[in-house]
Amino acid sequence: MNVIFRVALYSLSVLLVFLLFGYQQELLLSTIIISSIVFGYGINMFLELYRKFQKNTDKNAC
């Protein structure tokens, strides 16, 4: 459930950026929503990978 909430939060932030920069005039709304979900999921995956990397480097530093 926590993952779904984070993906939704990242997706909404990407959607807000798309709408602020005026992409709704160039793209369909469905395209913007699907792209926001995909980018939000990608951001979540990247941040999870970064957290695992940080945790792994902290263990090896000791």
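Under the 4.5 Å side-chain heavy-atom criterion for Ile, Leu, Val, Met, Phe, Trp and Tyr, F21 and L16 are members of distinct hydrophobic clusters. A chain of hydrophobic side-chain contacts below 4.5 Å, direct or via other Ile, Leu, Val, Met, Phe, Trp or Tyr residues, connects L27 to V14. Under a hydrophobic clustering in which Ile, Leu, Val, Met, Phe, Trp and Tyr are joined whenever their side-chain heavy atoms come within less than 4.5 Å, directly or via other members, F46 and I43 fall into the same cluster.
Looking at residues two or more places apart in sequence or on another chain, you find a side-chain contact (heavy atoms from CB on, under 4.5 Å) between Q54 and Y50, T57. Every residue meeting the side-chain contact (heavy atoms from CB on, under 4.5 Å) condition with L28, not counting sequence neighbours, appears here in chain and number order: S30, T31. Listed by chain and residue number, nothing satisfies the ring pair (Phe, Tyr, Trp, His ring centres under 6.0 Å) test with F39 (two or more places apart in sequence, or in another chain). For L19, the side-chain contact (heavy atoms from CB on, under 4.5 Å) partners at least two apart in sequence or on another chain are L15, Q24. In this view, L29 and I33 satisfy the side-chain contact (heavy atoms from CB on, under 4.5 Å) rule, not counting sequence neighbours.
Shortest non-hydrogen contact noted between S36 and S11 is O-OG, 3.3 Å.
Cluster partners of V3 are V7, Y41, M45, counting Ile, Leu, Val, Met, Phe, Trp and Tyr whose side-chain heavy atoms approach within less than 4.5 Å, directly or via other members.
Listed by first and then second residue, the salt bridge (Lys or Arg N to Asp or Glu O under 4.0 Å) pairs involving residues 5-33 are R6-E48 (not counting sequence neighbours).
Here the straight-line distance linking atom CG of L47 with atom OH of Y10 works out to 4.5 Å at 0.5 Å rounding.
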